[in-house]
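Here the structure comes first, spelled out in structure tokens, and everything after it is commentary.
In what follows, every chain begins at residue 1, and chains take the letters A, B, ... in the order their sequences are listed.
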Amino acid sequence: MMTNGMDTLPQQNGSIHTNSTSSSSNSHNSSSQAGGNQEESKTNLIVNYLPQTMTQEEIRSLFSSIGDVESCKLIRDKVTEVLFVGQSLGYGFVNYHRPEDAEKAINTLNGLRLQNKTIKVSFARPSSEAIKGANLYVSGLPKNMAQQDLENLFSPYGRIITSRILCDNITVLFSVRQFVGGAGDNIPCLSKGVGFIRFDQRIEAERAIQELNGTIPKGSTEPITVKFANNPSNNNKAIPPLAAYLAPQAARRFGGPIHHPTGRFRYIPLSPLSSTGKTMLAINKGLQRYSPLAGDILANSMMPGNAMNGSGWCIFVYNLAPETEENVLWQLFGPFGAVQSVKVIRDLQTNKCKGFGFVTMTNYDEAVVAIQSLNGYTLGNRVLQVSFKTNKSKAS
DNA sequence: CGACGGGACGC
DNA sequence: CGACGGGACGC
């Protein structure tokens, strides 16, 4: 199932198609590939649409749940790096030791929802000048043109990496709700008549401009405009307020003036699992940081082994099935905020889950909402129990 | 009914 | 007219 706004993964290796039995054999003929393609790595992934707050270590943690990671790099803005740690550019690279792990990561992590994002995981192309600046901005599209129609129009000119048709704001909000709700595939969307097409190669994009700019699509009356998209690095985006760099979480926690760093609408973490009303209640509770309840939790949590664990809040998840894997915990908790790490506790002999696990989240408020929302949630045929970690143990 | 890890700063 | 949810190749 493809999620709203996510493109089907184009086959990364143009000549290979889906029903090739997943190749665990190492005998791929990379050197004899025709077409002058650079050899594509079978272990190196590009990860796009990462949540703004996700750190390189959190990314490594997430991808290590699949297999041994050789290297991991989050791309950050070099300009802001002068003052602080550079702002995340929302994408990064993960290189595995083993090709089969890379493939598994694509299968299990592509489309994973984390906070307000749906990450995309695909093979990285070999870096080269030829693939840069291949993003096109298209306007004047007929309102009834769908993403697939757009791709059909442009596909004769090259390999499409991504495509997108912009929607009316109202429907965007709507689709985000559905999207977080997990039932959001194929949301009808009022097209704004503009979109983006990213080609693999810049030459392909240039040719599409030459061939399609000013032409009238079949069934339309208006010519379309096709040009290179603005480069995000030299656009005139408003400079985020300094406070966003200094204390991005404080602004949210205290409910002050909302300034999304990128100046768009504010994302409210709607629970995938409960009604909006219940979630808002949970958010409000979470905001009362100095209530007696919160005070107890805070004090109690400072004890060794308890919920407050260095830079994050450790959450105990009970009643997991024996086959549970880490990605389940990422999927459950990711939508509620910054998740630093997850751990499924397994029996050393059988390697089956012992029925519980831990999730560490960065922000108290988000942890509270996650607990409120997920405690009592039925996963499969099991009712989960979710709470802050205590210091219970066999030894004590 | 069942129920809170593990690796480890490092002097 | 229009610029995304989301700065796609190592910032």
Side-chain angles (χ1 to χ4, degrees), chain A residues 3-6 41 44-52 71-82 86-95 113 115-120 122-141 161-169 172-173 175-176 179-180 191-196 198-200 225 227 229-237 260 262 264-265 267 305-307 309-310 314-320 341 343-346 348 354-358 360 382 385-396:
Chain A
T3 323
N4 175 42
M6 285 298 298
S41 168
N44 197 24
L45 303 177
I46 185 167
V47 187
N48 288 292
Y49 314 129
L50 291 163
Q52 186 58 235
S71 64
C72 171
K73 175 147 192 189
L74 171 63
I75 307 304
R76 293 181 176 278
D77 187 345
K78 199 172 63 176
V79 179
T80 57
E81 192 131 29
V82 181
Q87 194 183 15
S88 166
L89 294 189
Y91 71 97
F93 297 88
V94 174
N95 194 24
R113 297 198 305 265
Q115 297 173 243
N116 56 339
K117 302 290 175 63
T118 298
I119 66 170
K120 179 175 179 181
S122 52
F123 284 112
R125 293 171 283 162
S127 189
S128 78
E129 285 302 310
I131 67 175
K132 293 180 181 173
N135 198 22
L136 295 180
Y137 174 77
V138 189
S139 57
L141 296 169
I161 301 299
T162 57
S163 69
R164 180 171 182 79
I165 289 181
L166 303 194
C167 295
D168 182 273
N169 263 337
V172 167
L173 264 179
S175 65
V176 168
F179 182 60
V180 172
S191 168
K192 289 168 85 170
V194 306
F196 294 89
R198 181 183 301 279
F199 277 105
D200 181 38
T225 301
K227 57 187 183 182
N230 288 345
N231 189 336
S233 63
N234 60 357
N235 64 7
N236 47 7
K237 187 177 295 179
H260 190 280
T262 51
R264 301 201 183 89
F265 68 89
Y267 171 72
N306 283 14
N309 166 11
C314 191
I315 297 167
F316 175 64
V317 188
Y318 179 70
N319 209 17
L320 298 170
S341 63
K343 177 88 177 173
V344 172
I345 305 305
R346 295 184 171 83
L348 291 174
K354 292 163 77 171
F356 63 95
F358 298 94
T360 302
R382 296 162 169 270
Q385 293 175 46
V386 182
S387 62
F388 281 112
K389 175 179 166 25
T390 69
N391 62 356
K392 289 179 194 168
S393 73
K394 276 185 261 184
S396 71

Does the structure show [X] stacking with [N], if we require the centres to be closer than 5.5 Å and the planes to be within less than 30 degrees of parallel?
X: A/Phe196; N: C/dC4; answer: yes
X: A/Phe93; N: C/dG10; answer: yes
X: A/Phe358; N: B/dG5; answer: yes

Plane angle bin for A/Phe93 and A/Tyr91 - parallel if under 30°, tilted between 30 and 60°, otherwise perpendicular: perpendicular

Please determine, for the side chain of [X], which listed nucleotide ([options]) has the closest atom?
X: A/Ala124; options: B/dG5, C/dC11, C/dC9; value: C/dC9
X: A/Leu89; options: C/dG10, C/dC11, C/dC4; value: C/dC11
X: A/Leu166; options: C/dC4, C/dA8, C/dC9; value: C/dC4
X: A/Lys343; options: B/dG5, C/dA8, C/dC4; value: B/dG5
X: A/Phe316; options: C/dA8, B/dG5, B/dC4; value: B/dC4
X: A/Lys389; options: C/dG2, B/dC4, C/dC4; value: B/dC4
X: A/Ile345; options: C/dA8, C/dA3, B/dG5; value: B/dG5
X: A/Arg125; options: B/dG5, C/dC9, C/dA3; value: C/dC9
X: A/Thr118; options: C/dG5, C/dA3, C/dC11; value: C/dG5

Minimum heavy-atom distance between A/Pro51 and A/Gln115, given as atom pair plus value: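 Nearest pair, atom of A/Pro51 first, then A/Gln115: CB-OE1, 3.3 Å.
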
For A/Asp200 against A/Arg125, the heavy-atom pair lying closest together: OD1-NH1, 2.5 Å

Would you mind classifying the nucleic acid contact of [X] as base, sugar-phosphate or nothing, using non-hydrogen atoms under 4.0 angstrom?
X: A/Tyr137; result: base
X: A/Gly195; result: nothing
X: A/Ala134; result: nothing
X: A/Asn44; result: base
X: A/Ser88; result: base

Could you tell me how far apart [X] ([atom1]) and [N] ([atom2]) are, to the nearest whole angstrom?
X: A/Lys227; N: C/dC4; atom1: NZ; atom2: P; value: 14 Å
X: A/Ile75; N: C/dG7; atom1: CD1; atom2: P; value: 14 Å
X: A/Phe123; N: C/dA8; atom1: CZ; atom2: C1'; value: 16 Å
X: A/Leu74; N: C/dA8; atom1: CG; atom2: P; value: 13 Å
X: A/Leu320; N: B/dC4; atom1: CG; atom2: P; value: 13 Å
X: A/Phe199; N: C/dA8; atom1: CZ; atom2: C1'; value: 15 Å
X: A/Tyr49; N: C/dG7; atom1: OH; atom2: P; value: 9 Å
X: A/Ile46; N: C/dC11; atom1: CD1; atom2: P; value: 13 Å

Comparing A/Arg346 and A/Tyr318 on DNA chain B - which has the more 5′ nearest nucleotide: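 Looking at the nearest nucleotide for each, A/Tyr318 comes out on the 5' side.
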
Which residue lies more 5' along DNA chain B, comparing A/Gln385 with A/Leu348 via nearest heavy atoms: A/Gln385

Point-to-point distance, once rounded to the nearest 0.5 Å, from NZ of A/Lys192 to SG of A/Cys167: 9.0 Å

Can you check whether [X] has a side-chain N or O nearer than 4.0 Å to OP1 or OP2 of [N]?
X: A/Arg164; N: C/dG5; answer: yes
X: A/Ser127; N: C/dG10; answer: yes
X: A/Lys192; N: C/dC1; answer: no
X: A/Lys132; N: C/dG10; answer: yes

Would [N] be called syn or anti here, given the cut-off of 90° from 0?
N: C/dG5; answer: anti
N: B/dC11; answer: anti
N: B/dC9; answer: syn

Donor-acceptor pair under 3.5 Å, A/Asn48 side chain vs C/dG5 base: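 Side chain to base: no pair present.
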
Verdict with reasoning, A/Phe388 to A/Phe316, per ring pair (Phe, Tyr, Trp, His ring centres under 6.0 Å): CA-CA 6 Å; A/Phe388 281 112; A/Phe316 175 64; over 10 Å; no

State, yes or no, whether a side-chain contact exists between [X] and [Y] at a heavy-atom distance under 4.5 Å.
X: A/Tyr49; Y: A/Thr118; result: no
X: A/Phe196; Y: A/Thr162; result: no
X: A/Ile161; Y: A/Phe199; result: no

Nearest-angstrom distance, C1' atom, C/dC1 to C/dG5: 22 Å

